[in-house]
Amino acid sequence: MNSNLSAPTLLIRKSNCNCDLESVTALMRELNYPTTINVMRERMEASEDNPKLCTMVAELDGEVVGMVALNQVHSYATGETATQVSALIVSEKHRGQGIGKRLIRSSEEWGRAHGSQVLFLTSGNRVERAPAHAFYEHIGFDKVGYRFIRKLK
């Protein structure tokens, strides 16, 4: 057995706009979220400057292969503080390796550390999102309710 072989190392860490901007932008585009480098720079800088926002990346042997964006909110209806997963992306070639699960676990830890009692996310009802929905249920999310939106003009 060759002792020089080692398993890839996965690191979940808070993102850094200066280092991760291009990688996070590429991940957003991979899921067809329309964005530009400048737009992502604004979002990531806002996340770095706001204690109720957090962007974390999954780094596999030095390469960013996933990300999660979090937003802490307070529910007027229930009185609970909750952490919303507003984006969760693992690059297509790295899916099925437990990276998304690790990002969610880190999201739970961040949420707890910031006083949240609930972790939630919303997802579109497009057919191509079915694998993501199955993943969410597989890792313990319950499907509850609907999401309705209305554009403000």
Side-chain angles (χ1 to χ4, degrees), residues 1-73 82-114 116 118-149 151:
M1 180 171 187
N2 187 346
S3 61
N4 292 331
L5 295 177
S6 62
T9 302
L10 180 67
L11 171 67
I12 307 293
R13 61 171 174 78
K14 192 166 181 184
S15 71
N16 178 301
C17 187
N18 294 327
C19 301
D20 303 321
L21 177 61
E22 289 184 16
S23 298
V24 170
T25 302
L27 287 167
M28 294 290 286
R29 289 178 177 160
E30 191 172 317
L31 283 190
N32 297 317
Y33 290 121
T35 195
T36 66
I37 289 282
N38 288 335
V39 167
M40 287 310 303
R41 179 180 290 109
E42 290 175 9
R43 290 178 189 168
M44 291 178 75
E45 286 174 350
S47 177
E48 290 173 357
D49 294 338
N50 186 334
K52 294 191 180 291
L53 301 176
C54 180
T55 303
M56 289 185 275
V57 294
E59 190 177 88
L60 189 61
D61 282 344
E63 176 189 1
V64 173
V65 298
M67 60 85 60
V68 62
L70 306 172
N71 179 25
Q72 189 178 53
V73 298
T83 295
Q84 177 185 15
V85 175
S86 57
L88 174 65
I89 306 168
V90 174
S91 67
E92 188 170 2
K93 72 179 187 176
H94 292 93
R95 291 181 193 152
Q97 299 175 24
I99 296 168
K101 190 174 186 176
R102 289 271 309 272
L103 283 164
I104 289 296
R105 193 176 313 135
S106 294
S107 300
E108 292 170 342
E109 291 169 7
W110 185 89
R112 274 190 219 93
H114 287 81
S116 292
V118 174
L119 180 71
F120 76 99
L121 57 87
T122 60
S123 181
N125 58 1
R126 301 180 315 273
V127 170
E128 62 267 21
R129 300 298 297 147
H133 299 165
F135 167 72
Y136 301 142
E137 290 182 292
H138 174 74
I139 63 171
F141 282 90
D142 294 320
K143 184 167 65 173
V144 294
Y146 297 93
R147 177 177 74 157
F148 296 92
I149 64 169
K151 297 279 185 179

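Put simply, the side chain of Asp61 gets close to the backbone of Thr9: a donor and an acceptor are under 3.5 Å apart.
The number of heavy atoms from other shown groups lying within 6.0 Å of CD (Glu45) is above 12. The number of heavy-atom neighbours closer than 6.0 Å to CD of Glu22, taken from other residues, nucleotides and ligands shown, is 12 or below.
For Ile12 against Ala58, the heavy-atom pair with the smallest separation is CD1-CB, 3.6 Å. For the pair Gly100 and Leu88, the tightest heavy-atom approach, listed with the atom from each and the gap, is O-CD1, 4.5 Å.
Two residues are said to be in side-chain contact when any heavy atoms from C-beta on lie closer than 4.5 Å; Thr83 and Val118 fail this criterion. By the 4.5 Å heavy-atom criterion applied to side chains, Val144 and Phe120 are not counted as neighbours. Contact check for Gln72 versus Leu53: no side-chain heavy atoms found under the 4.5 Å cut-off. Here the side chains of Ile104 and Phe141 are in contact, with some heavy-atom distance below 4.5 Å. A 4.5 Å side-chain heavy-atom check between Leu70 and Met56 finds at least one atom pair inside the cut-off. Here the side chains of Val68 and Ser106 are not in contact, with every heavy-atom distance at 4.5 Å or above. When side chains are defined from C-beta on, Met67 does not count as touching Ser15, because their heavy atoms never get closer than 4.5 Å. Two residues are said to be in side-chain contact when any heavy atoms from C-beta on lie closer than 4.5 Å; Leu60 and His94 meet this criterion.
Salt-bridge annotation for Lys143 and Glu137: absent, with no side-chain N of the basic residue lying under 4.0 Å from a carboxylate O of the acidic one. Between Lys14 and Asp20, none of the side-chain N atoms (NZ, or NE/NH1/NH2) sits under 4.0 Å from a carboxylate O, so this pair counts as no salt bridge.
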Just do the side chain to side chain contact (heavy atoms under 4.5 Å, CB included) check on Val39 and Arg43 with the steps written out, would you?
CA-CA 6 Å; Val39 167; Arg43 290 178 189 168; 3.5 Å; yes
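In this model, a donor atom of one side chain and an acceptor atom of the other lie less than 3.5 Å apart for His133 and Ser123.
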